[in-house]
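For reference, the structure discussed in these notes is given below.
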Amino acid sequence: MLKSTIYPEWDAPYFIGKEIKKIYCFPWCKGQPELENTVRFESRAKAEQAGYRPCKNCCSSLPLGSWEDNLHELTLFVPKEFSFAENMKYLSNAKNECLFYSKNQRIYRAISIEHETPVVEIRADHDNVIYIRFLGNTMPSRKWVRAAVARYVRDWFDLDTDLLPFYDLAKTDVLLQRAVNEFNGLRNIGIPDLFEAICWGIIGQQINLTFAYTLKRRLVEAFGRNVECEGEKYWIFPTPHEIAALTVEDLNGLRMTVKKCEYLIGVAQLMAEGKMTKELLLDCGDYKKAEKMLVKIRGIGPWTANYVLMRCLRIPSAFPIDDVGLHNAIKYLLGTEHKPTKEEILRLSTAWTNWESYATFYLWRFLY
């Protein structure tokens with residue numbers, strides 16, 4: 001029997017077990033299998049007693065003791081190797097970000113969970129705690145939705161990763177030693193939603209970051225939705241179904257290249273049809289297999305695939321080795337006149353095995 005890593009029962013009339021994968025889901029989980037491949041459980045406890053683990057898409061488990069549910073405010077207990085201030089510095093650099101904003105060492109954003117859109121304030125009054133406060137009347141009445149919010153924030157800040165091994169290898173690394181000293185406690189700030197992560201990767205291809213944020217804002221404000229709370233407007237990234245129904249002509253006002261418009265619509269259609277999901281990529285069980293699955297999609301090359309695997313799937317070996325920003329950061333740290341070649345980067349990164357994504361993220365930080 002699996003040891004339960006979740007808090008007591010959530011409010012659902014029953015749970016559906018997927019027999020082949022041995023996972024259980026809420027009745028409303030997306031992408032349900034055929035009925036003959038499922039079994040019904042009266043509770044989460046019964047499902048776990050039968051050896052089923054929670055579905056990462058809908059039952060998002062949280063490590064035991066990692067949070068407290070105080071209804072209007074959630075408490076997340078964070079690792080020692082986490083600095084809210086350092087992560088705030090990173091987030092504050094996104095001057096034209098449209099999905100959240102920061103003010104007075106607090107982050108504000110709306111988080112879409114099923115049919116609810118709670119608006120939260122995220123702060124840290126102590127080094128080992130993050131507080132998530134629901135604003136206005138947006139507190140979810142159902143416990144599982146509040147847990148999903150906690151899970152989202154935990155994933156956004158990558159709190160499940162133990163950074164100690166990375167810090168140990170960085171102590172003697174010519175490039176990473178300074179990075180971990182200057183940005184200690186920084187996390188690989190993620191993009192938990194797969195569609196958003198892929199879109200951001202496609203939008204950012206071969207343009208500068210400032211213009212990429214402008215295009216993202218245009219896309220969100222044209223086709224996303226928003227909620228009003230306490231006098232502020234909060235935007236939600238459009239869903240695959242919303243973009244899949246569009247034509248290239250519909251996207252003309254964004255001033256994006258025709259190719260990128262085609263890529264975004266193509267990815268949206270694949271995801272709307274269930275042919276590309278976060279679960280499918282995670283089930284690959286191998287970094288290279290997941291990369292190959294992504295690069296088969298029109299508009300996704302090795303850089304975009306590795307960016308998505310790094311920022312959304314949290315694949316530690318993901319390595320966008322051709323990234324211009326990475327090249328510039330290495331050039332800066334080495335004090336050379338020319339950017340490093342791919343062969344030089346491979347040589348410099350030989351000790352980064354299984355930490356390539358974090359090494360890249362920390363080196364990117366020098367660009368700010």
Side-chain angles (χ1 to χ4, degrees), residues 79 81-95 97 155-191 197 200-201 203-213 287-288 291 294 301-368:
E81 297 76 32
F82 174 80
S83 166
F84 188 75
E86 197 59 53
N87 288 280
M88 277 293 299
K89 289 178 186 176
Y90 172 81
L91 291 171
S92 297
N93 280 305
K95 302 300 183 185
E97 174 61 58
D155 188 17
W156 192 24
F157 286 104
D158 196 30
L159 297 178
D160 288 332
T161 296
D162 178 9
L163 284 187
L164 278 176
F166 174 63
Y167 285 168
D168 284 341
L169 78 85
K171 289 176 183 177
T172 56
D173 188 274
V174 64
L175 292 176
L176 299 179
Q177 186 178 41
R178 178 179 166 187
V180 297
N181 286 334
E182 292 193 22
F183 313 126
N184 195 271
L186 176 66
R187 293 277 161 163
N188 178 2
I189 304 296
I191 307 173
W200 185 225
I203 288 171
Q205 292 171 0
Q206 298 180 330
I207 59 174
N208 64 59
L209 196 57
T210 300
F211 187 47
Y213 273 114
Y287 154 56
K288 284 298 180 182
E291 182 185 26
L294 282 169
W303 178 87
T304 304
N306 278 273
Y307 183 85
V308 171
L309 295 174
M310 171 184 171
R311 301 295 300 280
C312 181
L313 280 297
R314 306 299 192 178
I315 304 296
S317 300
F319 193 15
I321 194 167
D322 296 317
D323 182 77
V324 174
L326 175 64
H327 300 175
N328 285 331
I330 293 174
K331 173 188 172 184
Y332 165 73
L333 286 169
L334 294 179
T336 58
E337 294 183 3
H338 304 287
K339 294 178 184 178
T341 64
K342 188 172 183 177
E343 290 71 26
E344 288 173 326
I345 296 174
L346 287 171
R347 177 177 55 79
L348 289 165
S349 64
T350 52
W352 300 354
T353 304
N354 291 326
W355 286 106
E356 289 90 342
S357 64
Y358 253 93
T360 300
F361 193 78
Y362 265 67
L363 293 177
W364 277 345
R365 187 66 182 82
F366 284 109
L367 302 179
Y368 291 101

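In what follows, residues are counted from 1 in the order of the sequence shown.
- The minimum heavy-atom distance between Trp364 and Asp323, with the atom names listed, is NE1-OD2, 2.7 Å.
- When the shell of 6.0 Å around CZ of Phe211 is examined, it contains more than 12 heavy atoms from other residues, nucleotides or ligands.
- Residues Ser349 and Glu356 have side chains that never bring a donor and an acceptor to within less than 3.5 angstrom of each other.
- Looking only at distances, a side-chain donor or acceptor of Asn93 sits under 3.5 Å from a matching main-chain atom of Lys89.
- Here the side chain of Thr161 pairs no donor or acceptor atom with the backbone of Leu163 at under 3.5 angstrom.
- The CG atom of Asn306 sits 13.5 Å away from atom CZ of Arg311, with the distance rounded to the nearest 0.5 Å.
- The residues Arg314 and Asp160 are annotated as not salt-bridged, no charged nitrogen and carboxylate oxygen being separated by less than 4.0 angstrom.
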Before you tell me yes or no, could you show the steps for Thr360 and Met310 under side chain to side chain contact (heavy atoms under 4.5 Å, CB included), namely the whole-Å CA-CA distance, both residues' side-chain angles and the distance that decides it to 0.1 Å? CA-CA 9 Å; Thr360 300; Met310 171 184 171; 4.0 Å; yes
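- Atom CG in Leu334 sits 8.5 Å away from atom CD in Glu344 (nearest 0.5 Å).
- The two residues Leu367 and Ala329 come nearest to each other via the heavy atoms CD2-N, 4.0 Å.
- Remark: Arg187 fails to qualify as a cation-pi partner of Phe157 under the 6.0 Å distance and 45° angle criteria applied to the six-membered ring.
- Salt bridge annotation for Arg178-Glu182: present, with a cationic side-chain nitrogen under 4.0 angstrom from a carboxylate oxygen.
- Contact detail for Pro340 and Ile330: the closest heavy-atom pair is CG-CG2, 3.7 Å.
- In this structure, Asn87 contributes its side chain and Gly185 its backbone to a donor-acceptor pair below 3.5 Å.
- With values rounded to the nearest 0.5 angstrom, Leu309 atom CG is found 9.5 Å from Lys288 atom NZ.
- Leu176 contributes atom CG, which lies 11.5 Å from atom CH2 of Trp355 (distance to the nearest 0.5 angstrom).
- The distance from the OG atom of Ser357 to the OH atom of Tyr307 is 12.5 Å, given to the nearest 0.5 Å.
- Using modelled atom types and a 3.5 Å distance limit, the side chains of Glu86 and Asn184 yield no donor-acceptor pair.
- Taking the six-membered ring for Trp and the full ring otherwise, Tyr213 and Trp200 have centroids separated by under 6.0 Å.
- Residues Pro320 and Leu326 have side chains not in contact (no heavy-atom distance under 4.5 Å, counting atoms from C-beta outward).
- Residues Trp352 and Asp173 are in side-chain contact: their nearest non-hydrogen atoms beyond the backbone lie under 4.5 Å apart.
- Residues Trp156 and Leu91 have side chains in contact (heavy-atom distance under 4.5 Å, counting atoms from C-beta outward).
- Nearest heavy-atom pair, Trp303 versus Gly201, reported as atom, atom and distance to 0.1 Å: CZ3-O, 3.3 Å.
- A 4.5 Å side-chain heavy-atom check between Glu291 and Ile315 finds every atom pair outside the cut-off.
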Determine whether Leu175 and Leu363 satisfy the following criterion, side chain to side chain contact (heavy atoms under 4.5 Å, CB included), listing intermediate values before the conclusion. CA-CA 8 Å; Leu175 292 176; Leu363 293 177; 4.3 Å; yes
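- Using modelled atom types and a 3.5 Å distance limit, the side chains of Asn188 and Tyr362 yield no donor-acceptor pair.
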Could you go through Gln177 and Thr172, starting from their C-alpha distance and side-chain angles, then the distance that decides it, and tell me whether this counts as side chain to side chain donor-acceptor pair (under 3.5 Å)? CA-CA 6 Å; Gln177 186 178 41; Thr172 56; over 6 Å; no
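- Ring planes of Phe166 and Tyr358: tilted class, angle from 30 to 60°.
- Across all non-hydrogen atoms, the minimal contact from Ala197 to Cys312 is CB-CB, 3.7 Å.
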Working note: Ile345 + His327, criterion side chain to side chain contact (heavy atoms under 4.5 Å, CB included); need CA distance, chi angles, decisive distance, verdict. CA-CA 8 Å; Ile345 296 174; His327 300 175; 3.3 Å; yes
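- Using a 30° and 60° split on the angle between ring planes, Phe82 and Phe84 fall in the tilted class, from 30° to 60°.
- Under the 4.5 Å side-chain criterion, counting only non-hydrogen atoms from C-beta, Tyr368 is in contact with Leu209.
- No close placement of the Phe183 and Tyr90 rings is indicated, their centers lying 6.0 Å or farther apart.
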